[in-house]
Amino acid sequence: MADALKIGIAGLGTVGSSLVRILGERASELARTCGRPITITAVSARDRSRDRGVDLSAIQWFDSAVDMANSADIDVFVELMGGAEGAADQSVRAALARGLHVVTANKALLARCGVELAVMAEDKGVLLNYEAAVAGGIPVIKALRESLTGNVVSRVYGIMNGTCNYILTRMEKEGLSFEACLKEAQRLGYAEADPTFDIEGNDTAHKLAILTTLAFGTQIAADEIYLEGISNISTEDIQAAADLGYRIKLLGVALRTDSGIEQRVHPTMVPHDSVIAQVDGVTNAVAIESDILGELLMVGPGAGGNATASAVLGDIADIAKSQPGTQRVPVLGNPAASLAPYTRAQMQSHEGGYFIRLTVLDRAGVFADVATRMADNGISLESIVQRAKGAEEDSKTIILVTHATTEHSVRQAVDAIKSGTYLAGEPQVIRIERPKAF
């Protein structure tokens, strides 16, 4: 049997501790399937005294992840600290510069400087694996980077943040407010004390940027993503969507167009009978549409210690099985030097249409004025519904569903409506997606 693969783990939180435990429990099976033992020889974390439920007594401890990357007796540096800057960035660069393989779950780091890191890895002839960075235990990176070679991908989209999906699921099934569901998510550990990164869509955007590069062979462009979170979704929106045959999900969507690549993250209405609409709770789902395979949907746990550790372990096993001197799979699907410049797509018609909810004062002529504003901007309406808010309220709700139109036209029409004197609340605009097969 070949010599042991020696790894160092930087970050011993939920994922890191789970990885240590699994590597210990499955040592003999991994040695058999990988053709060599996998041994943890070094770890690094901020608090040496904390009880993590695993035995670290025989493993060399480093207070600094950078020091571990620079000097530990390891073959693979596993980065599980998170964050786009600081120790995570410095230690990964140090490991690559030293010629070590790197495994990371850090989507923020990859979204910010993934191309630079890919260049370093490819120059050194080492692997940079990051399956756990997107959708937890779902093997979407391997699918795009290896399994779909030869396919021309037209669209990638999905539910990539378990916190948001949990909140939206609870709002729908139990009629709870966004605020109440967020508090429950925080209590259960699904949401951070400061949940902004999740609920405003940033986490999904980082993951989408990585998938976009893998799918379309372009430079990573996390700053080119249209971004909208779920904090303004109300129970009224949830109910209106259900009445129309839809469920609301936070989707990340990337698609190839004639004018470039379109990337967007926003709440989306999907048909109630579609498969992706049935993905509830903290579960993630990623769909890929391509010319040869057609439509592929992968569903699974998107977060948590075991799910993420499983993906990290798969990346480590791939390194253990690889042979020195053999051709490496390019880090980002294509050699980093050959990635095309990112071109943001021009505004185009959105085939699924839009849901628009207006709360207006109960006055004569309002309904007709709203329809006129839509027509003035070339928007064709699939349906328009008027509802009273309540017997004692001097307002009503108007719900519009448009046919295919552009974001620009919708925003212009909504701005025109806002210039009137009859709105009693901020308009709500949600895109509608109608998946081809899901």
Side-chain angles (χ1 to χ4, degrees), residues 8-16 19 42-48 62-72 74 76-124 126-136 141 160-161 163 191-214 218-225 227 229 252 263 265 303 308 311-312 315 331-332 336 339 342:
I9 302 173
L12 293 173
T14 303
V15 177
L19 180 62
V43 294
S44 173
R46 285 178 293 186
D47 184 0
R48 191 185 292 236
F62 287 82
D63 292 321
S64 165
V66 178
D67 288 347
M68 186 176 79
N70 278 319
S71 62
I74 57 176
V76 182
F77 180 80
V78 180
E79 186 277 304
L80 300 174
M81 297 176 288
E85 300 175 337
D89 178 47
Q90 295 164 18
S91 60
V92 167
R93 290 178 187 272
L96 292 173
R98 188 181 163 198
L100 301 177
H101 301 294
V102 171
V103 174
T104 181
N106 194 334
K107 65 267 184 182
L109 177 63
L110 293 167
R112 186 178 72 86
C113 53
V115 176
E116 294 176 50
L117 300 178
V119 169
M120 292 182 68
E122 290 167 13
D123 285 348
K124 288 290 186 178
V126 296
L127 291 167
L128 171 56
N129 290 347
Y130 50 94
E131 187 66 69
V134 179
I141 302 299
M160 304 176 203
N161 184 272
T163 300
E192 302 289 342
D194 179 0
T196 305
F197 197 74
D198 288 319
I199 65 174
E200 297 304 335
N202 302 89
D203 176 77
T204 299
H206 285 160
K207 296 169 182 175
L208 182 67
I210 297 166
L211 295 184
T212 298
T213 290
L214 289 167
T218 60
Q219 298 275 339
I220 295 175
D223 294 335
E224 298 290 338
I225 298 176
L227 187 60
Q263 296 183 97
V265 173
T308 307
V312 172
D315 280 344
V331 174
L332 296 170
L339 292 171
Y342 181 86

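Below, each value reflects all heavy atoms present in this structure, side chains not excepted, and no hydrogens, waters or symmetry copies. Throughout, residue positions are numbered sequentially from 1 according to the sequence presented.
- Under the rule for a side-chain contact (heavy atoms from CB on, under 4.5 Å), the partners of Ala111 that lie at least two apart in sequence or sit in another chain are His206, Ala222.
- Expressed to the nearest 0.5 Å, how far CD of Glu116 lies from CD1 of Ile220 amounts to 10.0 Å.
- Checked against side-chain hydrogen bond (donor to acceptor under 3.5 Å, both in side chains), Glu131 has no partners two or more places apart in sequence or in another chain.
- Not counting sequence neighbours, Phe62 has no partner by the ring-ring contact (aromatic ring centres under 6.0 Å, His included) test.
- In terms of the side-chain contact (heavy atoms from CB on, under 4.5 Å) criterion, Asp223 has no residue partners (sequence neighbours excluded).
- In this structure, the side chains of Asp203 and Met160 stay at 4.5 Å or more apart for every pair of heavy atoms.
- Partners of Thr213 by side-chain hydrogen bond (donor to acceptor under 3.5 Å, both in side chains), not counting sequence neighbours: none found.
- Annotation: salt bridge (Lys or Arg N to Asp or Glu O under 4.0 Å) contacts of Arg112 (sequence neighbours excluded): Asp89.
- Annotation: side chain of Val102 is not in contact with side chain of Val126 (no heavy-atom distance under 4.5 Å).
- Of the possible polar contacts, one joining the Glu122 side chain to the Val331 backbone as a donor-acceptor pair under 3.5 Å is found.
- Residues Ile225 and Thr212 fail the side-chain proximity criterion, which asks for heavy atoms closer than 4.5 Å.
- With a 4.5 Å cut-off on side-chain heavy atoms, Thr104 and Leu128 count as touching.
- In this structure His101 satisfies the ring-ring contact (aromatic ring centres under 6.0 Å, His included) test with no other residue, sequence neighbours excluded.
- No option in Ile210, Leu214, Thr204, Leu110 other than Ile210 meets the side chain to side chain contact (heavy atoms under 4.5 Å, CB included) test with Val134.
- In this structure Gln219 satisfies the side-chain hydrogen bond (donor to acceptor under 3.5 Å, both in side chains) test with no other residue, sequence neighbours excluded.
- For Ala69 against Ser91, the heavy-atom pair with the smallest separation is CB-O, 3.4 Å.
- Panel note: side chain Ser71, backbone Met68; no donor-acceptor pair is recorded below 3.5 Å.
- At a threshold of 4.5 Å between non-hydrogen side-chain atoms, the residues Phe77 and Asn70 do not count as touching.
- Applying the side-chain contact (heavy atoms from CB on, under 4.5 Å) rule to Glu200 yields the partners Thr196, Asn202, Ser231; only residues at least two apart in sequence or on another chain are considered.
- A donor-acceptor contact shorter than 3.5 Å links the side chain of Lys124 to the backbone of Ala97.
- A search for salt bridge (Lys or Arg N to Asp or Glu O under 4.0 Å) contacts involving Asp315 returns nothing, not counting sequence neighbours.
- Asn106 contributes no side-chain N or O that, together with a main-chain N or O of Ala84, makes up a donor-acceptor pair within less than 3.5 Å.
- Listed by chain and residue number, nothing satisfies the side-chain hydrogen bond (donor to acceptor under 3.5 Å, both in side chains) test with Glu192 (two or more places apart in sequence, or in another chain).
- In this view, Arg46 satisfies the side-chain contact (heavy atoms from CB on, under 4.5 Å) rule with no residue, not counting sequence neighbours.
- Taking all atoms of both residues into account, the shortest heavy-atom contact from Leu80 to Gly16 is CD1-CA, 3.6 Å.
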